[in-house]
There are 2 protein chains.
Amino acid sequence: MSKIETNHPKRRRGADLENAVLSSAWQLLNEVGYHDLTMAAIAKKANAAKPVLYRRWPDKSSLAASAILKFGPKLDVKIPDTGSLREDLIDFFGQLIKIFDIFGTEKLNGLVTDRLKSIPMEKLFETSNSDNKLQKSVEEILKNAEKRGELVFKNLSPRVLHLPSVLFINEVVSQESVTMAVITDIVDEILLPVFTANS
Amino acid sequence: MSKIETNHPKRRRGADLENAVLSSAWQLLNEVGYHDLTMAAIAKKANAAKPVLYRRWPDKSSLAASAILKFGPKLDVKIPDTGSLREDLIDFFGQLIKIFDIFGTEKLNGLVTDRLKSIPMEKLFETSNSDNKLQKSVEEILKNAEKRGELVFKNLSPRVLHLPSVLFINEVVSQESVTMAVITDIVDEILLPVFTANS
DNA sequence: CATTTTAAGATACCAGGGTATACTATTCAA
DNA sequence: TTGAATAGTATACCCTGGTATCTTAAAATG
């Protein structure tokens, strides 16, 4: 009996190994949460060595983020088009809540703040390959609103375009649970006034 | 000669010791910045033992914050009253910049994010004894604006009142330097539209 | 004063993030 | 086929935040 299965290489490499690590990280994240997630445990569970992790990810928070990106609920790329800016925004951010609800926010405690050490808030939703999906979605929603005459897109500065991400992250970091009520408040009290200020 | 003067007590206690620690922390903060500030170094410089630090402050970021509160530039309690909400806001937040400019923001890298692990954003400016001065100031500025008919104060929700702090913190966390240009942009593009949305 | 209580001192320790090193299995180019 | 380059494995190590323990000075109590 030899290498029947083709792949029982003594050493996994590249994508193989990477997947094993991410998978282990994802499982542990679900079991113990970000705070109690340790690099050593991930390595052990993946039958890999710690340096392997650090060769691929600069730090624990990046690794965790990658795992969530890979195994977590996918952002519904469907951009709502309800015919009203308000409804579109509420609908869209309502979808975002899910990512945090799947675990319960305690399991993610510390992740966001750790991420903020290396990257600015607006970039939190960027993946390495793809661009900031959240940002793009918001822009599309706003352009749809422009077609209906609700605002003038080119009047919106980058800072204003980032505002939704910033406010959303803020809620998450503030350790409160982000409910639909919170979302509608943010939209009504802040986002709509800002977006339509130059309509 | 009684010991009331406590000239060379072998052991400092209470406020004495606390001041020594805070002073050491402040000096080290200026020398090496928050990231390279270590509890051991603070203790050593203050000729104190590490447990002394942890008996008074729950963690490194709290100790650093206390030191800054004690020795850093005082927030000018003077609330501007220029006759225009816009100018008042710009003036006030312009004052805040100073705290971060004294060091250069790199020296404070990590402090804010560490603080966010234990307290929500809006509370970052609260001290243990006094209430949130920043918050109070913003409210006063807004009430002055109400007198001039620029807005209706009671229409502003807590979330909206916290917005200035949130945006300011966000800029700091984003590792960009917060300039006056940034401040005026924030005021013009975001704060004014939001505050006056219900005028 | 004498005794009790409080808190500082000294120090050892633990856990976890992150790095360095020496060695070896794979891949790939020649 | 062989040899160099690449990237795993194993493991020891460093650093620092934070804790535990034991001793002892000082303050408070009476």
Side-chain angles (χ1 to χ4, degrees), chain A residues 2-3 6-22 24-25 28-29 31-67 109-111 113-118, chain B residues 1-22 24-25 28-29 32-67 109-111 113-118:
Chain A
S2 55
K3 301 189 174 173
T6 66
N7 285 337
H8 275 245
K10 280 186 177 169
R11 276 187 194 182
R12 297 157 300 176
R13 310 197 131 211
D16 251 13
L17 185 51
E18 182 164 328
N19 287 337
V21 171
L22 286 175
S24 299
L28 287 170
L29 199 49
E31 286 168 24
V32 304
Y34 178 76
H35 179 265
D36 293 330
L37 181 68
T38 73
M39 295 300 262
I42 297 171
K44 188 177 178 187
K45 181 159 199 140
N47 292 311
K50 257 208 297 181
V52 165
L53 314 197
Y54 285 100
R55 212 171 284 136
R56 287 175 168 72
W57 298 274
D59 55 38
K60 175 179 153 181
S61 71
S62 302
L63 171 47
S66 293
N109 260 343
L111 208 203
T113 42
D114 272 4
R115 288 296 286 153
L116 286 177
K117 284 183 180 165
S118 36
Chain B
M1 64 193 276
S2 65
K3 291 189 158 187
I4 293 174
E5 200 18 51
T6 67
N7 273 337
H8 287 252
K10 280 186 178 170
R11 275 186 194 184
R12 297 156 301 175
R13 307 199 132 211
D16 252 13
L17 185 54
E18 182 164 328
N19 287 338
V21 171
L22 286 176
S24 299
L28 287 170
L29 199 49
V32 304
Y34 178 78
H35 179 265
D36 292 331
L37 181 70
T38 73
M39 296 301 261
I42 297 171
K44 188 177 179 188
K45 180 160 199 137
N47 292 312
K50 257 207 299 180
V52 166
L53 315 197
Y54 284 101
R55 213 171 283 133
R56 287 175 167 74
W57 297 275
D59 55 37
K60 175 179 154 181
S61 72
S62 302
L63 170 47
S66 293
N109 259 344
L111 206 203
T113 41
D114 272 4
R115 291 295 286 153
L116 286 177
K117 284 182 180 167
S118 37

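The chains referred to below are lettered A, B, ... by the order of the sequence lines, with proteins before strands, and numbering in each begins at 1.
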Would you kindly give the [atom1]-to-[atom2] distance between [X] and [N], to the nearest whole Å?
X: A/W57; N: D/dA7; atom1: CH2; atom2: C1'; result: 14 Å
X: B/L53; N: D/dT16; atom1: CG; atom2: C1'; result: 13 Å
X: A/L17; N: C/dT26; atom1: CG; atom2: C1'; result: 13 Å
X: A/R12; N: D/dG8; atom1: CZ; atom2: P; result: 10 Å
X: B/D16; N: D/dA25; atom1: CG; atom2: C1'; result: 15 Å

Quick one: side chains of residues 46-54 of chain A, donor-acceptor pairs under 3.5 Å with protein atoms, not counting sequence neighbours, listed by atom name and distance.
none

Is the side chain of B/K117 donor-acceptor paired with the backbone N or O of A/D114 at a distance under 3.5 Å, no angle test? no
For A/G14, does its backbone N or O pair with a side-chain atom of A/R56 as donor and acceptor, under 3.5 Å? yes
Considering the terminal five base pairs at each end of the helix from C/dC1-D/dG30 to C/dA30-D/dT1, what angle separates the two local helix axes, rounded to 10°?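 For the helix from C/dC1-D/dG30 to C/dA30-D/dT1, the axes at either end differ by 20°.
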Quick one: closest heavy-atom pair of [X] and [Y], and the distance?
X: A/K60; Y: A/Y34; answer: NZ-O, 3.2 Å
X: A/L22; Y: A/A67; answer: CD2-N, 3.7 Å
X: A/M39; Y: A/D59; answer: CE-C, 4.3 Å
X: B/L37; Y: B/A25; answer: CD1-O, 4.2 Å

Evaluate the side-chain proximity of B/V21 to B/L63: yes if any heavy-atom separation is below 4.5 Å, no if none is.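 Contact flag for B/L63/B/V21 side chains = yes.
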Along nucleotides 15-23 of chain C, 5' to 3', which nucleotides get a B, which get an S, and which get a -, given that the test is a protein heavy-atom distance under 4.0 Å? -SBBBB---
For A/N47, which contact category applies under a 4.0 Å heavy-atom criterion: base, sugar-phosphate, or nothing? sugar-phosphate
